[in-house]
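As the structure is a computational prediction, the values presented were derived from the model and not from experiment. Every chain is numbered from 1 and lettered A, B, ... according to where its sequence line falls, protein lines coming before strand lines.
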Amino acid sequence: MAFDAYQKREFKLVGTRVPRPDGIDKVTGRAMYGADPVAPGMLVGRILRSPHAHAKIVAIDTSEALALPGVKAVVTGADFVLPQDAFLADIGENAMAQGKSLYDGHAVAAVAAISAEVAKAALKKIKVTYEVLPHVTDVDAAMKAAAPVVREGLRLESVPDGAGGNVTHFCEFGHGDLAAGFAKADKIVERSFKTAATHQGYIEPHACLASVTADGKADLWCCTQGQFNVRWLCSELMGMEASQLRVTPSEIGGGFGGKTTVFIEPVALMLSKKAGRPVKIVMSRDEVFRATGPTVSTSIDVKIGMTKDGRITAGEAKLRYSGGAYQCMTVEMGGQAAFACYDLEAVRTQGWNVLTNRPKEAAYRAPGAPQAIYAVESVVDELCQEFGLDPIEVRIKNAAKKGTKSSYGPTFDDIGLMATLEAAKKHPHYTAPLKPGQARGVSCGFWFNFGGNTCVTLNVNTDGTVGVTEGNPDIGGSRASISLMAAEELGIPYEKVRTIVADTASLGFCDVTDGSRVTFAVGIATIRAARDAIKKMCGRAAKIWGIAEEAVEWREGAAHPAGPNAGKFPPMTLAEIAAVSFQTGGPIAGHHEVNADGAGVSFGVHLVDLEVDKETGATKIQRYTVFQDAGKAVHPDYVEGQMQGGAAQGIGWALNEEYIYGDDGRLQNAGFLDYRVPVASDLPPIEAVILEIPNPGHPYGVRGVGETSIVPPLAAISNGISRAVGKRLQQLPMSPPRVLKAIKSA
Amino acid sequence: MVKVLLWGSLRAHTDGQAEVELEAKSFKEVLDKLAEAYPGLRPQIERGVSMAIDGRIYREAWFTEIRPDSEVVVMPYMTGG
Amino acid sequence: MSITVSTSVNGDAVEFVCPPEETLLDALRNRLGLTGAKEGCGTGDCGACSVTLNGRLVCSCLVLAAEAEGQEIGTIEGLAQGDKLHPLQQAFIDHAALQCGVCTPGILVAADALLKQNPEPSDEEVRFWLAGNLCRCTGYDKIVRAVQAAAAEMRRA
């Protein structure tokens, strides 16, 4: 473990803003994304989706579709044998309905045909007989005893007796004596909040190309955050051995958690298997909204007590999350994250997962945390207003720090919340006077970050260049960061390293690109792989010089005889050792495989200045600043990019984005016109202030930065709007009609 | 003996105790002993848990060493986006 | 029924056959192998399929392929001159104005169309011009900076 420990050092390359290796492909249109590849004899796959929120599928007649000229295969739920494992079975059931449509858009059948036109015509020929069942899409309605039960048999042992039929999971976290804590408060505020389900909104719809051959081998090309996870899920759902399925990830056009699972991939494989030809499926935007994985929708109660000098005496939250018609553990993350920013003597969170007739939740950037922290940070802000206290001072007074027993149990090590708050407090943004009509909002945010299974192979080429092979799709510039760390450790120029993302046959298992893990965990594996290669290169130099391996040391990209007794030999550079590698024992490669831990939690603080149009209820964001601890920013451009991008997504969540279901249980806004993500003219410049409090668990001090940034905007903006209109807002998004209503009731 | 802190809802399976004491020297031993002493925890352990040992969160890592004075917190299996 | 379409793409004369309802985007991608334009929505809301039609910025998912007959189409594949990147392309790399990159071709085509008619736009003009091009990764900050850097570079040239 000491091996991974952070050691202070001067960096030559880490921390510089080098050009990314995939840049030219991406600015010239050459980069290959999920929908771009073609295969000989390729068919077009299309999926038929249920128009009902909840319905029994009585019968599916595919005979007319199959008889249509040009149709080569039809697939329904009957083609899949679901695994015993409940997690895998749910993923299979979501990809293709088994006897019941559980939400509007649920896949019920699929065809493969020689063209899109024929495939579309074939879908119209499939006759599905539905028996429509009562549905429920609202999380609070679904909690009630009288609510229609979405699915039976999912309730875990964690659920206490007496809970409604849609409650599948219960969790509780916290410590201390709540009653005693609240008794010490000068003021207790209790509020209820609701947050709409939102979608990751990646611009690239899911797409894949599957090719299954008669001998049971298969290739799958797809846009995914994790090709190894796709291989695992699809091989289980197809009843294949993992080695027989090779998954190659394309460039990925955004994921944000939404491409951590499979939807169309098993369907394309099954169609290809039945048709005996390659099959490509590309989702439409409508399908992406209706049938991939939005966030949980939530309903949250928060109660916080505070003394008049701003000390929080106790905090309590009740979180009701719905992950759609499936078991979902995201409420556990919300329950643990809710009060993570605070050092509290008494804290308790309770969470329930509730079934609704909505699509199966998928991860979205810090899954579960934005909603819970929004509710907590709203109540903290209201208490600051009550006592006339400065919101940053109050947070500084209560901030979690090294030695704090966190609200979810463990004691914090070195963390960056206090530094982040101090930076925000003295930033010109915070001290700038507000213009008339303007209001300022503040919020903290938190995310855990993870490590996980990671493999890296580092090949030293005979011309002195280096190839790094890693297994995590590059979502935001990670190949540049990995190359930087390899070059730093080896002591060679960045330009000498090329990093590629491998398919599943070319490298050992790598966890999904999620949990802000890539720069952290792939970084560790890359640094260790480089050290492995260095050890081998030192060995070669020792042989050449005829001295002991221990008498050789590596610095500045070359092997040196160590100390006066090792002999006087001119140093051998990486290129010089590589050039004679065939003669000194063969090619040189370093590699490393690890299940990395110690990712180090990440905190952020956001400041927003905004103005509310009292006539329309529309909110204009005028100034926005993000403060976040990156541990060590390997490539500052892309760290800033994560901070700015997460903030923009959070701004969309706060102001406009929501899944709107009609009384019929159907999604009413399955397109970018009606599900409105922020456009360029909606946003001001977003200033990103990077703090670097080294993570003790990474040799360079790196922490993940990808997720925390989506957490604070929700409350920061709600706090700003609430101050602007003189009324506490308690529902997301704060779309103009809702804000107008608040103005009128103020 | 090492003190193991459990998250609140697991108390339903440990006779109401939020903290239990076990003889364990590694991540895996903690889970094995927990499941043995409190069979009600077995389904959750089989679904997967994380464990914070002296403030660092581990997701699997059976052989991670635990000292008698280690702070051990059992947490839900962590997932991200 | 199929239609034969003769058109010019990035200055090259091309001919293809397609059904009358086929979009220009599908023809570019599936018949001409020009997959730089992306389909993000198919309804003209995201701008990932942006191309120019006789110099005018359009969403190719909303244009019929048959409408290209006798016209001049410009796509992302025609922005660089051989191996020399357009100043916008270089600026996007230098300013890290892309993350996943899937919106980038459309944004570059749109930004080029802007700078052709307004070589010195304000930040606000850039933001409003690009309001039809969704980017979900960057928050647009670095995109606006890159467009302005390229505009400055082009004014100097």
Engineer: Among A:Phe173, A:Tyr364, A:Phe450, A:Trp447, who wins on heavy-atom pairs under 4.5 Å with chain B?
Structural biologist: A:Phe450
Engineer: Quick one: of B:Pro43, B:Ala52, B:Ala12, who has the most non-hydrogen atom pairs under 4.5 Å with chain A?
Structural biologist: B:Pro43
Engineer: In terms of heavy-atom proximity below 4.5 Å to chain B, should A:Phe448 be classed as side chain, backbone, both, or neither?
Structural biologist: side chain
Engineer: Could you tell me which portion of B:Ile57 (side chain, backbone, both or neither) has an atom closer than 4.5 angstrom to a non-hydrogen atom of chain A?
Structural biologist: both
Engineer: For chain B, which of A:Gly257, A:Pro410, A:Ala363, A:Ala86 has the most heavy-atom pairs under 4.5 Å?
Structural biologist: A:Pro410
Engineer: Can you check side chain to side chain contact (heavy atoms under 4.5 Å, CB included) on A:Asp511 and B:Arg59, steps first, answer last?
Structural biologist: CA-CA 12 Å; A:Asp511 275 326; B:Arg59 287 208 287 191; 4.0 Å; yes
Engineer: Using the ring-ring contact (aromatic ring centres under 6.0 Å, His included) rule, take A:His698 and A:Phe520 through it: C-alpha gap first, then chi angles, then the decisive distance, then the call.
Structural biologist: CA-CA 7 Å; A:His698 186 280; A:Phe520 169 77; 5.6 Å; yes
Engineer: Check this for me: does any side-chain nitrogen of one of B:Glu71 and A:Lys405 sit under 4.0 Å from a carboxylate oxygen of the other?
Structural biologist: no
Engineer: Checking side-chain polar atoms at under 3.5 Å, does A:Thr454 have a donor or acceptor matched by the opposite partner on A:Arg517?
Structural biologist: yes
Engineer: May I ask you to decide whether B:Arg56 forms a salt bridge with A:Asp413, counting only side-chain N to carboxylate O separations under 4.0 Å?
Structural biologist: no
Engineer: Examine whether an atom of A:Gln200 lies under 4.5 Å from a heavy atom of chain B, and if so say whether it belongs to the side chain, the backbone or both; otherwise answer neither.
Structural biologist: neither
Engineer: Can you tell which part of B:Gln44 gets under 4.5 Å to a heavy atom of chain A, answering side chain, backbone, both or neither?
Structural biologist: both
Engineer: Determine whether A:Leu88 and A:Leu233 satisfy the following criterion, side chain to side chain contact (heavy atoms under 4.5 Å, CB included), listing intermediate values before the conclusion.
Structural biologist: CA-CA 7 Å; A:Leu88 291 166; A:Leu233 298 174; 3.5 Å; yes
Engineer: So what's closer than 4.5 Å to chain B heavy atoms on A:Asn595: side chain, backbone, both or neither?
Structural biologist: side chain
Engineer: Name the orientation class of the two ring planes belonging to A:Phe412 and A:Phe603 (parallel below 30°, tilted from 30 to 60°, perpendicular beyond 60°).
Structural biologist: perpendicular
Engineer: What pair of heavy atoms forms the shortest contact from A:Cys171 to B:Ser9, and how long is it?
Structural biologist: CA-OG, 3.1 Å
Engineer: For A:Gln350, which atoms come within 4.5 Å of any heavy atom of chain B: side chain, backbone, both, or neither?
Structural biologist: neither
Engineer: What part of A:Asn449 gets closer than 4.5 Å to chain B, counting heavy atoms only: side chain, backbone, both or neither?
Structural biologist: neither
Engineer: Does any heavy atom of chain B fall under 4.5 Å from the side chain of A:Leu156, the backbone, both, or neither of them?
Structural biologist: side chain
Engineer: At a 4.5 Å cut-off on heavy atoms, which part of A:Glu707 comes close to chain B: side chain, backbone, both, or neither?
Structural biologist: side chain
